[in-house]
Asks: 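Starting off with a structure, shown below.
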There are 2 protein chains.
Amino acid sequence: MSESNLTIQDCPYFTVQKVLAGKWSLLILHFLSESTLRFNELQRKLDNLTHATLAKQLKQLEGFGLIIRKEYPQVPPKVEYSLSDLGRKLIPSLESIFVWGDEYLKYSVSKNKN
Amino acid sequence: MSESNLTIQDCPYFTVQKVLAGKWSLLILHFLSESTLRFNELQRKLDNLTHATLAKQLKQLEGFGLIIRKEYPQVPPKVEYSLSDLGRKLIPSLESIFVWGDEYLKYSVSKNKN
DNA sequence: CGGAATCCAGCAGGATACTG
DNA sequence: CAGTATCCTGCTGGATTCCG
């Protein structure tokens, strides 16, 4: 009930923060934008990450509708992750933010500030 | 010491996540992109936010070098926040993400999924 | 191989109260 | 007006272990 109380939480700015808040979300989306990946392939690219954590992050992103989980019914199991249409639409903007991140890193270095 | 162990944490993807992780960062950056604002003005735009929380978020962003805090030595105090050059460079990318956020919200509604 | 179930620790965000 | 100082709480990420 009470659908009527539209708050700041419903605005796109906040929504984006919510959807991309996961510590590894950006990284995962980036890797999946390059190619569809199996669970373990993804994990290898995110080396410090335990599979439990990765699984949670993937579930989150899947829940938000950004990625698609495709399971092949076979033994041993094979699961592939890829971007949904929604996720794919996000990529160009993300890439442009990453370019900024690159500049930011250089700036930080030049400021001698970790 | 040991500057040599470059990890995934040093890549732009992860850096962006770190810098923008704050729950209100995106919102704050957006509002400041429209105009320089005083502390209270900003707080009014983020209605559910206590001043303590806002202060912390602002300190974060200032620490990352995204915003600039200008204090006018007078009574009562007056402090203005604005984007730094670094912060301003980020805005176009952010705006394009927000457009996506808008689409995302519509999509969510159409899926009847909050 | 991919994942679910627990458990745990850290920390970020928020509430409240005090300061110059 | 614009903060700090505490304190508290919930969540999120991570470690570990078990399952199909």
Side-chain angles (χ1 to χ4, degrees), chain A residues 7-9 11 13-29 31-32 35-64 66-82, chain B residues 7-9 11 13-29 31-32 35-64 66-82:
Chain A
T7 69
I8 203 168
Q9 319 264 347
C11 78
Y13 312 100
F14 202 87
T15 302
V16 168
Q17 124 75 33
K18 208 173 47 190
V19 171
L20 300 183
K23 186 169 175 183
W24 302 98
S25 302
L26 295 179
L27 234 0
I28 292 173
L29 290 174
F31 284 131
L32 290 186
S35 63
T36 295
L37 290 172
R38 298 183 58 172
F39 188 93
N40 273 351
E41 295 174 329
L42 207 40
Q43 191 183 2
R44 243 168 281 133
K45 289 174 181 286
L46 306 164
D47 28 57
N48 356 14
L49 209 48
T50 64
H51 58 278
T53 303
L54 177 56
K56 279 189 216 166
Q57 303 274 322
L58 287 172
K59 270 186 97 171
Q60 259 194 55
L61 289 172
E62 193 197 356
F64 283 130
L66 296 193
I67 65 176
I68 292 175
R69 178 180 179 280
K70 177 160 186 184
E71 185 174 354
Y72 296 85
Q74 62 183 46
V75 181
K78 173 180 173 184
V79 180
E80 283 185 346
Y81 290 91
S82 58
Chain B
T7 68
I8 202 167
Q9 318 265 345
C11 79
Y13 313 99
F14 202 86
T15 302
V16 168
Q17 123 76 29
K18 209 173 47 190
V19 171
L20 299 183
K23 187 169 174 182
W24 303 97
S25 302
L26 295 179
L27 235 1
I28 292 172
L29 291 175
F31 285 130
L32 291 185
S35 63
T36 294
L37 290 172
R38 299 183 56 173
F39 188 92
N40 273 351
E41 294 173 330
L42 207 41
Q43 191 182 1
R44 243 169 280 132
K45 288 174 182 287
L46 306 165
D47 27 57
N48 357 11
L49 209 48
T50 64
H51 58 280
T53 302
L54 178 55
K56 278 190 218 166
Q57 302 276 321
L58 288 171
K59 271 185 95 169
Q60 258 195 54
L61 290 172
E62 194 196 356
F64 283 129
L66 296 192
I67 65 175
I68 292 175
R69 177 179 179 282
K70 177 160 186 182
E71 184 173 354
Y72 297 86
Q74 62 183 44
V75 181
K78 174 180 172 183
V79 180
E80 282 185 346
Y81 290 91
S82 59

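Since the model is a prediction, treat every value here as computed from it, not as a measurement. Throughout, a chain's letter reflects where its sequence line sits, starting with A, and its residues are numbered from 1.
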Asks: Send over the distance from B/E71 CD to D/dC1 C1', rounded to a whole Å.
Replies: 11 Å
Asks: Donor-acceptor pair, distance only, cut-off 3.5 Å: does the side chain of A/E80 make one with the backbone of A/R38?
Replies: no
Asks: C/dA15, C/dC1, D/dG14: which one has an atom nearest the side-chain heavy atoms of B/A52?
Replies: C/dA15
Asks: Could you check B/R44 against B/K59 and say which one's nearest nucleotide on DNA chain D is further toward the 5' end?
Replies: B/R44
Asks: Using atom CD of A/E41 as one end and atom P of C/dG3 as the other, report the distance to the nearest whole Å.
Replies: 13 Å
Asks: Quick check for you: among D/dG14, C/dC1, D/dC1, whose closest atom lies nearest to any side-chain atom of A/R38?
Replies: C/dC1
Asks: At 4.0 Å (heavy atoms only), tell me whether A/Q74 reaches a base, stays on the sugar-phosphate, or touches nothing.
Replies: nothing
Asks: With the side chain of A/R69 defined as its heavy atoms from C-beta on, choose the nearest nucleotide among D/dG3, C/dG3, D/dT16.
Replies: C/dG3
Asks: Assess whether one donor atom and one acceptor atom, taken from the side chain of B/K56 and the base of C/dG14, lie less than 3.5 Å apart.
Replies: yes
Asks: Measuring only between side-chain heavy atoms, which start at C-beta, is B/F31 closer than 4.5 Å to B/L46?
Replies: yes
Asks: Give the rounded distance in Å between these two atoms: CG of A/L54 and P of D/dT16.
Replies: 17 Å
Asks: The side chain of A/V79 lies closest to which of these nucleotides: C/dG14, C/dG2, D/dG14?
Replies: C/dG2
Asks: Look at the side chain of A/H51 and the base of C/dG2, then say whether one donor and one acceptor between them are separated by less than 3.5 Å.
Replies: no
Asks: How long is the gap from CD on B/E41 to CG on B/L32, to the nearest 0.5 Å?
Replies: 10.5 Å
Asks: Of the options D/dG13, C/dG2, D/dT4, whose atoms approach the side-chain atoms of A/W24 most closely?
Replies: D/dG13
Asks: Round to a whole Å and report the spacing from CD1 of A/I8 to P of C/dG14.
Replies: 11 Å
Asks: From D/dG14, C/dG2, C/dG3, pick the nucleotide closest to the side chain of A/P77?
Replies: C/dG2
Asks: What is the distance from atom NZ of B/K78 to atom NZ of B/K70, rounded to the nearest 0.5 Å?
Replies: 9.0 Å
Asks: Give A/Y72 one of three labels, base, sugar-phosphate or nothing, depending on what nucleic acid heavy atoms sit under 4.0 Å from its own.
Replies: nothing
